Amino acid sequence: MNAPSEHRPEHSPADRPARLTVGVVGAGRVGPALAASLQLAGHRPVAVSGVSDASVRRAATLLPDVPLVPPAEVLQRADLVLLTVPDDALPGLVEGLAETGAIRPGQLLVHTSGRYGTAVLDPARRAGALPLALHPAMTFTGTGVDVQRLAGCSFGVTAPEELRLAAEALVIEMGGEPEWIEEANRPLYHAALALGANHLVTLVAQSMELLGQAGVAAPDRMLGPLLGAALDNALRSGDAALTGPVARGDAGTVAAHVAELRKHAPGTVAGYLAMARTTADRALAHGLLKPELAQDLLGVLAEGEDR
């Protein structure tokens, strides 16, 4: 087990999970990587379920020699079961497993959804399961690199108070950093992560496409240092890191951007205007955008929205 860092809660040996048999229901990108990480910590993956060809290949790569079986059989074999299915499928899966009697009393049932806390596992809890919500705040590729990336990855942890230390210990064994999230705050927590990570991918992809249209041969190489610096500055300084024509109040430049985007990539205009308005509001609130310049800028944005 990895030694706790100075930021991690201290755990006595009694709080640490014993060596567990591990099962995975849903061999998407997340489940096999977490099971492989738990295997490195000394736990033993014993069963995995998956339907698609991609799931079968993923399980075979990350969990070689672990048998592929139906979900109910995964629960029969494992002390710790990872429910790694899409958010919308999770409630129905839990209810179905409880109704069919697949859940064993004392079994650790872990889901990895950011949206839900442990309430979604109530049918399983009534059947005697021990519910944990452990959400890794990371994007997954479905390859072995994910296991390495778990080192230092924050996990949103929600659990009954009596299971809190065990939940945090499991995260630490996977190399992660547990961050306690109250049940009522799970949807807001997940929205915050989606706002940053998911929308970032969309913005970067759009930016690379536009650079390609502008004749840049290697958009990724051009954007890498710029975006890396912007991300680092934003994490360090928040809104103080805002730069560019919106933060400066360069209304003419923004108007030129909108005109070019409307001509070459009309599908990006709405997003550009929305982000520009949000950036202007934040720059104004933090004293970066001068009020006398903001009027012309907001006028350009309003005109762009009206078209």
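What's counted below: heavy atoms across the whole structure, side chains too, no hydrogens, waters or symmetry copies. Model, not experiment: these values are computed from the prediction.
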Quick one: does [X]'s side chain get under 4.5 Å of [Y]'s, heavy atoms only?
X      : Y      : value
Arg186 : Ser113 : no
His43  : Leu80  : no
Cys153 : Glu177 : no
Leu150 : Leu34  : yes
Ser207 : Pro219 : no
Thr141 : Arg149 : yes
Leu297 : Leu289 : yes
Thr253 : Arg248 : no

Kindly say whether [Y] contributes a backbone atom to a donor-acceptor pair with the side chain of [X] at under 3.5 angstrom?
X      : Y      : value
Thr278 : Ala274 : yes
Ser52  : Ser55  : yes
Arg262 : Thr268 : no
Thr100 : Gly96  : yes
Gln107 : Val81  : no

Identified side chain to side chain contact (heavy atoms under 4.5 Å, CB included) counterpart of Val246 within the set Leu288, Thr279, Leu301 =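 One option only clears the test, and that one is Thr279.
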Passing candidate, side chain to side chain contact (heavy atoms under 4.5 Å, CB included) with Pro45, options Leu82, Val24, Asp65, Leu63 =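 The single option meeting the side chain to side chain contact (heavy atoms under 4.5 Å, CB included) with Pro45 is Leu63.
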Heavy-atom closest contact ([X] atom, [Y] atom, distance):
X      : Y      : value
Val300 : Ala251 : CG2-O, 3.8 Å
Ala98  : Pro123 : CB-O, 3.7 Å
Val66  : Ala47  : CG1-N, 3.4 Å
Ala33  : Val147 : O-CG2, 3.8 Å
Gly31  : Thr84  : CA-OG1, 3.4 Å
Pro178 : Gly176 : CD-O, 3.8 Å

Joint hydrophobic cluster, [X] plus [Y], side-chain heavy atoms closer than 4.5 Å:
X      : Y      : answer
Val157 : Met138 : yes
Leu40  : Met174 : no
Val30  : Leu68  : yes
Val171 : Val110 : yes
Leu108 : Ile103 : no

Could you pull out all residues at least two apart from Arg29 that satisfy side-chain contact (heavy atoms from CB on, under 4.5 Å)?
->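 So Arg29 forms a side-chain contact (heavy atoms from CB on, under 4.5 Å) with Arg58, Phe140.
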Verdict with supporting geometry, Leu163 and Leu132, side-chain contact (heavy atoms from CB on, under 4.5 Å) = CA-CA 8 Å; Leu163 295 176; Leu132 306 176; 3.8 Å; yes
Check the side chains of Glu183 and Thr118 for a donor-acceptor pair under 3.5 angstrom, ignoring hydrogens and angles.
->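 Yes, side-chain donor-acceptor contact under 3.5 Å.
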Would you say the side-chain atoms of Thr21 and Arg77 include a donor-acceptor pair closer than 3.5 Å?
->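 No donor-acceptor contact under 3.5 Å links the two side chains.
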So does [X] pair up with [Y], basic N to acidic O under 4.0 Å?
X      : Y      : answer
Glu173 : Arg19  : yes
Asp232 : Arg236 : yes
Arg115 : Asp87  : no

What is the distance from atom [atom1] of [X] to atom [atom2] of [Y], rounded to the nearest 0.5 Å?
X      : Y      : atom1 : atom2 : value
Met275 : Arg282 : CE    : CZ    : 9.5 Å
Leu38  : Leu20  : CG    : CG    : 8.5 Å
Leu93  : His111 : CG    : NE2   : 11.5 Å
Leu242 : Asn233 : CG    : CG    : 10.5 Å
Leu75  : Ser49  : CG    : OG    : 9.0 Å
Thr158 : Tyr116 : OG1   : OH    : 14.0 Å

Above 12 or not: heavy atoms from other molecules or residues under 6.0 Å from CD of Gln213?
->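 Yes - once you tally the heavy atoms of other residues, nucleotides and ligands closer than 6.0 Å, there are more than 12.
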Glu73, CD atom: more than 12 neighbouring heavy atoms under 6.0 Å =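 Counting other residues, nucleotides and ligands, CD of Glu73 exceeds 12 neighbours.
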Criterion side-chain contact (heavy atoms from CB on, under 4.5 Å) on Phe155 and Thr112, from CA distance to verdict = CA-CA 9 Å; Phe155 279 66; Thr112 58; over 6 Å; no
Co-members of the apolar cluster containing Tyr189 [side chain, <4.5 Å] |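 Besides Tyr189, the hydrophobic cluster comprises Ile181, Leu193, listed by chain and residue number.
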side-chain contact (heavy atoms from CB on, under 4.5 Å) between Leu121 and Leu83: does it pass, once the steps are laid out?
-> CA-CA 10 Å; Leu121 297 175; Leu83 303 180; 4.1 Å; yes
Assert yes or no for the condition that the ring centre distance of His190 to His135 is strictly below 6.0 Å.
->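 When the ring centroids of His190 and His135 are compared, they turn out to be within the sub-6.0 Å range.
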Run the side-chain contact (heavy atoms from CB on, under 4.5 Å) check on Leu298 and Arg277 step by step: do they pass?
-> CA-CA 7 Å; Leu298 294 175; Arg277 178 171 289 280; 4.0 Å; yes
